[in-house]
Amino acid sequence: MLITLVAGARPNFMKIAPIIRAIEKSSSNGSILRYRLVHTGQHYDKNMSGQFFDQLQIPTPHANLEVGSGTQAEQTAGILIAFEKELISNKPDMVIVVGDVTSTMACTIAAKKLCIPVAHVEAGIRSWDITMPEEINRMVTDSIADWFYTTTEEAGTNLRNTGIKPEKIVFVGNTMIDTLYANLHRLIKPQIWDDVQLSSGEYLVATLHRPSNVDDPQRLIQLLSILRDNTNGKPIIFPIHPRTAKMLSGTSFKADNIHFLEPLGYLEFVYLVKNSKGVITDSGGITEETTVLGIPCITLRDSTERPETVAIGTNELIGTNPTALLPALEKLFKGNWKSGDIPPLWDGHTSDRIVKHLELLSK
Ligand code: UD1
């Protein structure tokens, strides 16, 4: 069975790496699973893409569609056209998409229009906020995919509530956490550690890239100013997403204790998170990693598609009003942050469960 595996943007790379390894293990043990890796090129920089392939030892893709940046429609259209050609030239028995980025949705549509079955890894999660492009990507993908690998029981419930047959839903856990566990022993201390003389538990990590937080420069500056002035003098390490960097470059914002860095590699970023006092973010994936690492996480969003990180884990949603940061930081510095647990099946063996299911399908 030939599987075309799709990767497009940064958060996809951590999710596909362990699936590839599990497929390789399965085929070396005699199964008929084979894969073809297709990179859509949605993210293309060394910083946003190349270094993840190197660090996570992901093989060079068999094809790169090189769609690059653009509006939502331009990216979607570019991927649809290029991925249809790819599928016609190298027809697989199944396409696997992961996550919720534009590549996930566009590749699902292209495959289904050619009547090729699609399996979605991380299916069924919902923020119920339709203003997020990712929510549209999730809903479209899940409305036409054939197989649904879920990270939580709740994601399965969401899918069943839209009429998906229970036998199409397989609760497997979280492949991003497979990657986390597989790499904990090989994390890399980043250069900034020595440059700023960081010590464990004595600094914060921040990342922001969602349009709701960064596209309005005034709001962005208000947020960063509150952060700068309320961390008890502790440094803040801020690997900066290109979208945020672009917005900030047009302003005169200054902060001696906020250290803006180019996007870090996976091994350096997780090293920083694991040793930090806490994380401030608007990412979804990072809330999963902080939950497993037991690190306090303040999320600047009104909703989350990963409610288990709040209900079970160490994450708290504080909304997008910058002033909400103040009480959250106070609570963190008073040592009053909740401690969390690890959600069921986030155990490092999710990709093995996915591949076991694929082996059954291939028989
Ligand atoms: C995308 C995902 C988002 C994910 C994020 C992680 C969608 C809808 N969104 O958002 O879910 O959390 O990736 O990064 O798919 N750029 C570069 N180099 C690159 C890629 C992008 O400089 O390699 C710049 C471009 O100027 C681009 C901007 O970053 O316009 C935004 O990239 P884009 O892929 O459009 O969306 P993200 O905001 O990264």
Side-chain angles (χ1 to χ4, degrees), residues 6-16 39-54 56 61 64-80 82-83 97-109 120-123 125-127 129-142 151 176 179 206-216 220 238-250 260-266 269-270 279-290 297 299-301 303-306 309:
V6 174
R10 185 170 60 178
N12 283 173
F13 308 138
M14 303 70 150
K15 294 169 194 168
I16 57 153
H39 190 330
T40 64
Q42 178 180 339
H43 284 175
Y44 45 85
D45 276 352
K46 176 105 186 114
N47 275 344
M48 299 293 286
S49 174
Q51 64 178 337
F52 292 88
F53 277 72
D54 295 343
L56 301 178
N64 190 324
L65 309 181
E66 294 180 355
V67 293
S69 299
T71 64
Q72 290 290 315
E74 285 164 349
Q75 279 185 334
T76 304
I79 298 167
L80 269 172
F83 193 57
V97 294
V98 298
D100 56 14
V101 300
T102 301
S103 302
T104 310
M105 173 188 71
C107 291
T108 300
I109 297 173
H120 182 202
V121 174
E122 201 187 273
I125 62 175
R126 294 289 182 274
S127 67
D129 175 0
I130 199 77
T131 66
M132 290 176 68
E134 292 84 357
E135 184 73 354
I136 298 174
N137 296 339
R138 293 179 199 117
M139 291 172 74
V140 172
T141 301
D142 288 342
T151 49
M176 201 151 175
T179 293
T207 77
L208 295 173
H209 75 284
R210 292 212 181 268
S212 55
N213 286 321
V214 307
D215 278 6
D216 172 355
L220 179 59
F238 197 132
I240 191 162
H241 186 280
R243 174 194 282 274
T244 316
K246 221 179 281 174
M247 293 312 298
L248 209 56
S249 67
F260 293 105
L261 312 176
E262 293 277 300
L264 287 170
Y266 179 82
F269 183 72
V270 177
V279 173
I280 295 127
T281 191
D282 58 9
S283 153
I286 292 172
T287 67
E288 298 180 338
E289 291 163 340
T290 47
C297 185
T299 296
L300 284 151
R301 286 177 55 187
S303 61
T304 177
E305 60 289 337
R306 294 163 165 95
T309 63

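Worth saying up front: this structure is predicted, and the values here are computed from it rather than measured. Each residue takes its place number in the sequence, starting with 1. Note that ligands are numbered from 1 as they come in the structure, with each ligand's atoms numbered from 1 the same way.
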Enumerate, atom names and distances included, each donor-acceptor pair closer than 3.5 Å involving a side-chain atom of residues 8-15, sequence neighbours excluded.
from	atom 1	to	atom 2	distance (Å)
Asn12	OD1	Gly8	N	3.0
Asn12	ND2	Val98	O	3.3
Lys15	NZ	Glu122	OE1	2.8

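One finds a salt bridge joining Arg126 and Asp142 here, because a Lys/Arg side-chain nitrogen approaches an Asp/Glu carboxylate oxygen to under 4.0 Å. Comment: Glu262 does not engage Lys46 in a salt bridge, judged by the lack of any side-chain N to carboxylate O separation of less than 4.0 angstrom.
Expressed to the nearest 0.5 Å, how far OG1 of Thr281 lies from CG of Leu208 amounts to 6.5 Å.
Panel note: side chain Thr299, backbone Arg301; no donor-acceptor pair is recorded below 3.5 Å.
At a 4.0 Å heavy-atom cut-off, the residues surrounding ligand 1 are Arg10, Pro11, Gln42, His43, Tyr44, Asp45, Met48, Ser69, Gln72, Gln75, Val101, Thr102, Pro133, Glu134, Asn137, His209, His241, Pro242, Arg243, Lys246, listed by chain and number.
Looking at Val140 and Thr108, their side chains never come closer than 4.5 Å, going by heavy atoms from C-beta outward.
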